[in-house]
Amino acid sequence: MKILLSNDDGYDAPGLLALHEALSGIAEVTVVAPESNQSGCSSKLSLRQPIKVRTHENGFMSVDGTPADCVHLAITGMLDFQPDLVISGINNGPNMGDDVIYSGTVAAAIEGRFLPLPGIAISLAGYKLNHYDAAARVIVELLARINSSQIANNSLLNINVPDLPYEQIRGFAVTRLGVRHQSAPVINEGRVDGFDIYRIGPPGARQDAPDPGPDTISATDFQAIENNKVSITPLTVDMTAYKNITDMGEWLAASGAKQYG
């Protein structure tokens with residue numbers, strides 16, 4: 001198996017180094033990761049300037065751009081081979097609930113959506129972040145169990161691992177995304193050289209997600225981590241709200257609007 005490894009914390013981040021070490025024992029691993037921390041940049045592509053790539057003594061390639069840039073370059077001609085799988089991480093901190101909208105870690109996995117196997121984004125959920133080795137071991141175990149026929153095309157797995165020794169992790173849970181309260185207010189840092197200076201406030205606290213009904217996974221990623229379990233959330237790149245299509249059509253028809261297609 002040929003794995004493309006990336007992240008959003010930078011090519012020298014401890015989580016990426018731990019994951020590279022663990023995966024190198026089971027696969028051919030190529031690292032293409034940002035030159036510097038790109039947390040929170042989502043799926044941004046650098047379209048207005050050339051992108052610089054540097055190869056380091058250990059073979060890692062660092063990109064003067066975003067996580068999505070890294071994977072896009074790698075799978076569209078920069079490498080002389082096509083990877084089977086993109087793994088992004090191990091992120092320095094969780095990517096749960098609404099976090100995935102902004103996450104560069106998740107974005108790197110999304111950019112690998114055209115490859116044979118679903119992308120994997122993995123994050124270490126905690127504050128002190130001591131147990132990257134446990135999170136890397138989780139990925140190695142999962143790779144031994146999954147294949148392309150078991151997971152829908154055009155999808156990815158968002159995995160959060162509690163920051164615990166491996167022996168204290170209480171298993172795996174398939175989850176849905178949780179929900180956060182609205183972020184804290186922006187922080188006004190005054191006026192400098194004619195500019196008003198603001199800083200984004202802290203993310204909102206977790207809130208209980210609405211019950212999705214009997215046919216949907218009930219446990220959220222937040223709940224899994226609180227119970228010291230690995231959270232595995234399948235995500236789809238297709239953002240179409242299929243359940244709303246019929247209602248929208250009926251609304252348009254009732255309003256007298258001409259419909260096409």
Side-chain angles (χ1 to χ4, degrees), residues 8 38-45 47 66-69 71-72 75 85-89 91 94-123 125 146 148-160 172-184 200-226 230-261:
D8 73 354
Q38 297 289 318
S39 296
C41 68
S42 189
S43 288
K44 176 184 175 182
L45 287 175
L47 302 177
T66 68
D69 286 335
V71 177
H72 190 89
I75 68 175
L85 168 68
V86 171
I87 299 180
S88 179
N91 190 63
N95 275 304
M96 299 186 292
D98 307 301
D99 302 345
V100 302
I101 299 171
Y102 310 104
S103 170
T105 303
V106 173
I110 289 174
E111 200 62 27
R113 62 192 179 276
F114 300 110
L115 298 180
L117 292 172
I120 295 175
I122 178 168
S123 304
I146 65 172
S148 58
S149 66
Q150 295 172 315
I151 302 173
N153 292 334
N154 208 29
S155 66
L156 63 142
L157 301 179
N158 184 47
I159 298 174
N160 284 273
F172 299 83
V174 179
T175 61
R176 60 190 174 98
L177 294 177
V179 179
R180 288 190 184 276
H181 289 281
Q182 184 176 356
S183 297
I200 298 294
R206 167 209 159 177
Q207 64 174 316
D208 290 332
D211 187 344
D215 297 327
T216 307
I217 295 170
S218 60
T220 69
D221 42 12
F222 291 111
Q223 291 166 340
I225 293 299
E226 287 178 356
V230 175
S231 165
I232 306 176
T233 306
L235 303 179
T236 178
V237 179
D238 184 353
M239 299 175 68
T240 306
Y242 288 99
K243 291 182 178 179
N244 294 345
I245 289 177
T246 299
D247 291 341
M248 286 296 299
E250 292 175 352
W251 171 75
L252 284 173
S255 69
K258 184 176 181 179
Q259 297 185 57
Y260 299 88

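In what follows, residues are counted from 1 in the order of the sequence shown. Because the structure is predicted, anything quoted here is derived from the model rather than measured.
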Spacing of [X] atom [atom1] and [Y] atom [atom2] [to the nearest 0.5 Å]:
X: R113; Y: T236; atom1: CZ; atom2: OG1; value: 10.5 Å
X: I87; Y: I120; atom1: CD1; atom2: CD1; value: 4.5 Å
X: Q223; Y: M96; atom1: CD; atom2: CE; value: 11.0 Å
X: F222; Y: R176; atom1: CZ; atom2: CZ; value: 11.5 Å
X: S123; Y: D99; atom1: OG; atom2: CG; value: 8.5 Å

State whether the side chain of [X] and the backbone N or O of [Y] hold a donor-acceptor pair below 3.5 Å, judged by distance alone.
X: D8; Y: T105; answer: yes
X: N160; Y: N95; answer: yes
X: S42; Y: K44; answer: no

Is there a side-chain contact between [X] and [Y] in this structure, where contact means two heavy atoms from C-beta onward sitting under 4.5 Å apart?
X: D238; Y: Y242; answer: yes
X: V230; Y: I159; answer: yes
X: V106; Y: L156; answer: yes
X: T175; Y: T220; answer: no
X: L115; Y: V86; answer: yes
X: D221; Y: L177; answer: yes
X: C41; Y: P67; answer: yes
X: S155; Y: P234; answer: no

What are the two closest non-hydrogen atoms of [X] and [Y], and how far apart are they?
X: F172; Y: I232; answer: CD2-CD1, 3.8 Å
X: I75; Y: E111; answer: CD1-O, 3.3 Å
X: A109; Y: S88; answer: N-CB, 4.1 Å

